[in-house]
Amino acid sequence: MSDAKTAITPTRSENYAEWYQQVVRAADLAETSPVRGCMVIKPWGYSIWENVQRGLDGMFKATGHKNAYFPLFIPLSFLEKEAEHVEGFAKECAVVTHHRLEAGPGGKLVPAGELEEPLVVRPTSETIIGATFAKWIQSHRDLPLLINQWANVVRWEMRTRLFLRTAEFLWQEGHTAHATAEEAKAETMRMLDVYADFAENWLAMPVIRGEKTAGERFPGAVETWCIEGMMQDRKALQAGTSHFLGQNFAKAQEIQFQDDQGNREFCWTTSWGVSTRLIGGTIMTHADDDGMVCPPMVAPAHVVVQPVLHKPESAAEVREFCDRLVADLRKKHYGGRAVEVEYDTRDIRGGDKTWQWVKRGAPVRVEVGPRDVASGSVFVGRRDKGVKEKESIPVGAFVEGIERMLAEIQQGLFTRAKAFRTEHTRVIDSKDDFYDFFKSPGKGGEEDGAATPIHGGFAMAHFNGDPALEERIKQDLAVTVRCIPLDGQGLCDDEGSPGTCPFTGERSAKRVVWAKSY
RNA sequence: CGGGGUGUAGCUCAGCUUGGUAGAGCGCUUGCUUCGGGAGCAAGAGGCCGCAGGUUCAAUUCCUGUCACCCCGACCA
């Protein structure tokens, strides 16, 4: 507070968008690549993704899903089968048209061997998986079919940002087929809950579960459900989606089965996915002006041990003490895995070392010097507290208490994020209040090129459901309905109750969540 | 894809208006001194100035094109 120096320049309040980029870089999470719109995910960042995969994969398996893998390439004709689906993705597809390179003029390589049918690099796999499902499913006894795939997909985005929107990204996509609409809808909601559970308990990111309006629906879906988190610039981030596809894809691809009466029926299908965007969301939820803050559940390392070794006369005993500390810590468990320890013996200055781990967001840092060895204690810094706020703890108590300390940090991050969301969520009942809420504070107009002004948040307001009205508000304020929330999420007092739409005076079924979004 | 901006050392940038093949800070390497805290001094390494054309005796500098990135829109996980 008194110390104005921060590890990240600019700070969140100075320029949020630039701050985000700097955190990604300073924390060694990812960097841009020579390939347009594609990122290199660095070990520290990839390790977070591996933890995300581990956590979600366990949940998918626990709910009866099996992993499989489908081709990267999708024949163009497959994509054409579902009309809305094509329309939704046509503008952002990478297409493979040749299968060979030949020497051309000037030593250049030129594509040759044109394909009879172009192949689309999957932007999502409904069509190729649907075609496969059609072969796998014959009887009602084959249902439900519950499949997940971990994969990369490509969407040729015009504007990209590391983790949040890249041309290629990593994700999982679940695809299921069911005998009845009820079962498929139940699956859609089950996976939405899995996502919310994961976001809140692993990423410590509070999310709102709800349904998308027609305008925001997945191309080809009957219903799209989502989890929405609030970032520190108060914009919403769609962190995961679960789609009820009805029989749209089943009919387009003839995914049929014979029921117990011998009738041929179309399946009811679902699909659901989360991506490396979750890492972007985690950054924007927790990181601060000193860099990344990793929730312990997904942190690449829980504890960093930094021995103070520069004094030759004490180096050996400090090292020995640390060796034992590291070994003891690794015998402890947190969140279903052994405590992950980074033993940093690099010969660089202690201050540099500390700040590197602060910027990377390691939850706990432990410094051990001769004085600590003499007193049998360790000097502990926590990423959820100030960098200088360190505490000396007897080594035994520290090791014994590590699980609780990590749990406390995890819980603290969630509590803080939720308080932030609550603070910036407002119940709004008049059009004027609504417009005021989303207008830049102080300055009236839009200044371009400057720092993104931080204002607004989530507005809980009634809505008559008219797409034209939603479009007009989007034009006016760049604000959209993020979701029509499920009841019972504690978003406001009269949650789920009918009321009056402040824009039209018409009847509204319930308050919806309005916000600017990524 | 529309509007604006920027491409010079690993990073952040100066130099270009008034053409003569390059600078700073940080980082990196080495040495000495420091050090329970993002050190000080010194010596080094590192760049065909985004790419391709053009004008010119000569282009980082002027002109044209192109590509990439950033910001604001539209689009999207």
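Throughout, a chain's letter reflects where its sequence line sits, starting with A, and its residues are numbered from 1. Since the structure is predicted, the reported quantities are computational estimates derived from the model, not experimental observations.
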Measure the distance from [atom1] on [X] to [atom2] on [N] and round it to the nearest whole Å.
X        : N     : atom1 : atom2 : answer
A/Gln21  : B/U6  : CD    : C1'   : 14 Å
A/Glu157 : B/C1  : CD    : P     : 14 Å
A/Glu168 : B/C76 : CD    : C1'   : 17 Å
A/Asp352 : B/C26 : CG    : P     : 13 Å
A/Glu173 : B/A77 : CD    : P     : 13 Å
A/Ile348 : B/U29 : CD1   : P     : 10 Å
A/Met231 : B/A77 : CE    : C1'   : 13 Å

Any base atoms under 4.0 Å from [X], or only sugar-phosphate, or nothing? Heavy atoms, all strands.
X        : value
A/Gly369 : base
A/Phe379 : base
A/Gln238 : sugar-phosphate
A/Thr166 : base
A/Leu237 : nothing

[atom1] atoms of [N] and [M], separation to the nearest Å:
N     : M     : atom1 : answer
B/U12 : B/G7  : C1'   : 14 Å
B/A22 : B/G46 : C1'   : 13 Å
B/G25 : B/A14 : C1'   : 11 Å
B/A9  : B/G50 : C1'   : 15 Å
B/G10 : B/U29 : C1'   : 13 Å
B/C67 : B/U55 : C1'   : 23 Å
B/A74 : B/G27 : P     : 42 Å
B/A77 : B/G3  : P     : 26 Å

A/Arg482 with A/Glu216: basic N within carboxylate O range, under 4.0 Å: yes

Ion pair A/Asp466/A/Arg472, N-O distance below 4.0 Å: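 The answer is no: the pair does not qualify as a salt bridge.
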
A/Leu146, A/Asn148, A/Ile147 screened by side chain to side chain contact (heavy atoms under 4.5 Å, CB included) with A/Phe60, the one that passes: A/Asn148

On the nucleotide [N], are OP1 or OP2 found under 4.0 Å from the side-chain N or O atoms that [X] carries?
X        : N     : result
A/Lys474 : B/G73 : no
A/Arg371 : B/G36 : no
A/Arg25  : B/U12 : yes

Flag for A/Tyr343-A/Asp323: side-chain donor and acceptor within less than 3.5 Å: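 Yes - a donor-acceptor pair under 3.5 Å links their side chains.
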
Residue pair A/Ser271 / A/His243, side-chain donor-acceptor N/O under 3.5 Å: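 Distance-only check fails for A/Ser271 and A/His243.
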
Heavy-atom donor-acceptor pair, A/Arg165 side-chain to B/A77 base, under 3.5 Å: no

Base B/C76 to side chain A/Arg155, donor-acceptor N/O within 3.5 Å cut-off: no

Gap separating the CE atom of A/Met205 from the CE atom of A/Met284, nearest 0.5 angstrom: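 Nearest 0.5 Å value for the CE-CE distance: 8.5 Å.
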
With sequence neighbours excluded, residues passing ring-ring contact (aromatic ring centres under 6.0 Å, His included) with A/Trp357: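 Testing A/Trp357 for ring-ring contact (aromatic ring centres under 6.0 Å, His included), a comparison that skips the adjacent residues, returns A/Trp44.
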
Pairing residues for A/Phe198 by the ring-ring contact (aromatic ring centres under 6.0 Å, His included) criterion, not counting sequence neighbours: A/Trp202

Nucleotide nearest A/Arg349 when distance is taken to its side chain, options B/C70, B/U34, B/C76: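 So the nucleotide nearest the side chain must be B/U34.
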
Nucleotide-level pairing of RNA chain B, given in dot-bracket where Watson-Crick and G-U pairs need both distances under 3.5 Å and | marks other strands: ((((((((.[[[[.)....(..]]]].((((((.....)))))).....[[[[[..)....]]]]])))))))....

